[in-house]
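No hydrogens, no waters, no symmetry mates; every other heavy atom, side chains included, goes into these values.
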Amino acid sequence: MLISLDQARDHLRAQDSDDDADLTLKISAAQLLAQEYVGRQIFATQPELDAAVLAGTAGTAPMVCNDLVRAALLLILGHLYANREDVVVGTLSTALDMGSRTLLATYRVGMGV
């Protein structure tokens, strides 16, 4: 995982371990969404990336996770954790200028960026 369960709990201020299975699912979903957005696989460490390259499973333009990517993952995770339904009624929302897409945009491949 690119962010740990402890990092997720700290970010969400969710210290109850009863949510661990749900948080693990949402961490995985945030990671998959980020990788899909940037069009490349993201590895937690250089040795993990190196092993995937040797195994031929790294894909095109793999990268090692950094703090910008982790911050984006935490933003995505926060959204998934706070919004547990498809539709939210009676609320206003505003997209953040420094949201997850802005943080990940630098690492997109094949999108003219």
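Hydrophobic clustering (side-chain heavy atoms under 4.5 Å, transitive across Ile, Leu, Val, Met, Phe, Trp, Tyr) keeps L25 apart from L12.
Listed here is the closest heavy atom pair of A30 and L77: CB-N, 4.2 Å. Across all non-hydrogen atoms, the minimal contact from Y81 to A14 is OH-CB, 3.4 Å. The heavy-atom pair separating Y107 from M63 by the smallest distance is CD2-CE, 3.6 Å. Of all non-hydrogen atoms in S100 and A72, the two that sit nearest each other are CB-O, 3.7 Å. Across all their heavy atoms, R40 and T60 have their closest contact at CB-O, 3.7 Å. In terms of heavy-atom proximity, A44 sits nearest to L2 at N-CD2, 3.4 Å.
Atom CG in L104 sits 6.5 Å away from atom CD1 in I42 (nearest 0.5 Å). Between atom CG of residue L32 and atom CD1 of residue I27 there is a gap of 12.0 Å, rounded to the nearest 0.5 Å. Of the inter-residue distances, the one linking H11 atom NE2 with L23 atom CG reads 11.0 Å to the nearest 0.5 angstrom. For the atom pair CE of M1 and SG of C65, the computed distance is 12.5 Å after rounding to the nearest 0.5 Å. With rounding to the nearest 0.5 angstrom, the CG atom of L75 is 11.0 Å from the CG atom of L80. Note that the NZ atom of K26 and the CD1 atom of I3 stand 12.5 Å from one another [nearest 0.5 Å].
Put simply, the residue from D19, D16, D20 that forms a salt bridge (charged side-chain N to carboxylate O under 4.0 Å, His left out) with R9 is D20.
Q7 places no side-chain N or O within 3.5 Å of a backbone atom of L74 that could act as its donor or acceptor partner. A donor-acceptor pair is defined here as one N or O able to donate and one able to accept, closer than 3.5 Å; no such pair exists between the side chain of Q41 and the backbone of P62. Under a 3.5 Å cut-off, the side chain of Q46 and the backbone N or O of V64 do not form any donor-acceptor pair. Under a 3.5 Å cut-off, the side chain of R13 and the backbone N or O of D10 do not form any donor-acceptor pair.
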